[in-house]
Amino acid sequence: MRTDGTTDVLPLSKKQKYVCNIVMGALLIAAGIILVLAGADVIKTPVRKLAAPTVLFAFGASVLFSAIIAKNSLSMWLSGVILTCGMTSLLAVVTTADYGNLYPLYIASPGIGCLLAIFFAEVKLSQVKGMLFFGVMSIIFSLQSSGVCSWGLTSGLLSAFAGVCVILYAVGIYFRKG
């Protein structure tokens, strides 16, 4: 079935649905085992620190699996966002960085989703625009989170970037309509 030009949604067969559900169940069981091992002190990290990345990775991987089976760009985008959030949570557990340093990854997550979605998207330019927009936003916020610049400078850069985006949008609309 044709859509608005961003993706072809292919209905899953009964067999594909079963396989996707079994994979999701297996991944959630694996996540549960990891959390049980953490709760039993076999894994020396508290469950409260492992819960978010473990569940996000299990769910994100299952969405990615079904997206690949269905060749669905929207599901690919969603899996990219979920997996990026899972990776951010994991980095907060396994590195000395905290969320105050890592939050630009959350801002980048829609752009990373666009990177994954581009494989099945009919219109690639929209995905590239999304990658660029969220990538630049993430870079600007990274300057603040790394201590390179203050919130004052960061907000100025964000304002200038927003202005550039508005101008580019206006110019694009003008030339598309003739």
Side-chain angles (χ1 to χ4, degrees), residues 1-12 20 52-178:
M1 107 178 62
R2 293 304 269 182
T3 60
D4 65 359
T6 58
T7 186
D8 266 335
V9 178
L10 304 175
L12 293 176
C20 289
T54 303
V55 172
L56 286 168
F57 274 120
F59 186 63
S62 67
V63 173
L64 178 64
F65 181 80
S66 66
I68 292 169
I69 297 292
K71 295 179 176 39
N72 184 316
S73 66
L74 179 58
S75 294
M76 288 293 282
W77 180 86
L78 182 60
S79 69
V81 171
I82 294 168
L83 290 170
T84 302
C85 292
M87 178 59 69
T88 305
S89 294
L90 182 63
L91 288 171
V93 172
V94 299
T95 68
T96 58
D98 61 11
Y99 287 106
N101 304 112
L102 297 171
Y103 77 88
L105 290 173
Y106 288 117
I107 296 166
S109 65
I112 295 168
C114 289
L115 178 65
L116 289 182
I118 204 166
F119 292 109
F120 296 128
E122 292 174 14
V123 180
K124 309 281 189 213
L125 183 60
S126 298
Q127 304 303 322
V128 172
K129 288 177 183 178
M131 286 185 278
L132 287 171
F133 177 79
F134 289 105
V136 171
M137 292 286 287
S138 180
I139 288 168
I140 292 170
F141 279 105
S142 293
L143 294 172
Q144 185 283 321
S145 73
S146 65
V148 170
C149 66
S150 67
W151 274 112
L153 183 55
T154 301
S155 60
L157 291 170
L158 289 170
S159 178
F161 178 63
V164 168
C165 289
V166 168
I167 291 169
L168 288 174
Y169 178 77
V171 169
I173 293 293
Y174 177 79
F175 284 111
R176 264 191 299 250
K177 297 209 175 186

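- Annotation: side chain of F57 is in contact with side chain of L83 (closest heavy-atom distance under 4.5 Å).
- The CG atom of L78 sits 9.5 Å away from atom CG of N72, with the distance rounded to the nearest 0.5 Å.
- Residue Y106 holds its OH atom at 12.0 Å from CD1 of I112, rounded to the nearest 0.5 Å.
- When all heavy atoms of G80 and L116 are compared, the pair lying nearest together is CA-CD1, 3.4 Å.
- Atom CG in L105 sits 9.0 Å away from atom SG in C85 (nearest 0.5 Å).
- Within the structure, side-chain hydrogen bond (donor to acceptor under 3.5 Å, both in side chains) contacts touching residues 130-147 (residues at least two apart or in different chains) are Y103-Q144.
- Shortest non-hydrogen contact noted between M131 and C114 is CG-CB, 3.7 Å.
- Residues that satisfy the side chain to side chain contact (heavy atoms under 4.5 Å, CB included) test with N101, not counting sequence neighbours, are A97, D98.
- Minimum interatomic distance between A117 and M76 (heavy atoms only, all atoms of both residues): CA-CB, 3.8 Å.
- Residues satisfying the side chain to side chain contact (heavy atoms under 4.5 Å, CB included) criterion with A61, sequence neighbours excluded, are L27.
- The shortest non-hydrogen separation linking F134 to G111 is CB-N, 3.6 Å.
- When all heavy atoms of G60 and S79 are compared, the pair lying nearest together is O-CB, 3.6 Å.
- Listed here is the closest heavy atom pair of L56 and S89: CD1-OG, 4.1 Å.
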Result block: side-chain N/O donor-acceptor pairs under 3.5 angstrom for residues 152-172, not counting sequence neighbours:
residue, atom, partner, partner atom, Å
T154, OG1, S150, O, 2.8
S155, OG, W151, O, 3.1
S155, OG, G152, O, 2.9

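- In this structure the side chain of F119 never reaches within 4.5 angstrom of the side chain of K71, judged on heavy atoms.
- Remark: V94 pairs with L90 by the side chain to side chain contact (heavy atoms under 4.5 Å, CB included) rule, at least two apart or across chains.
- Put simply, the side chain of K124 gets close to the backbone of I118: a donor and an acceptor are under 3.5 Å apart.
- For the atom pair CD1 of I107 and CD1 of I139, the computed distance is 11.5 Å after rounding to the nearest 0.5 Å.
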Would you tabulate the side-chain donor-acceptor contacts of residues 63-70 under 3.5 Å, counting partners in other chains and residues two or more places apart, or write 'none'?
residue, atom, partner, partner atom, Å
S66, OG, S62, O, 3.4
S66, OG, V63, O, 3.0

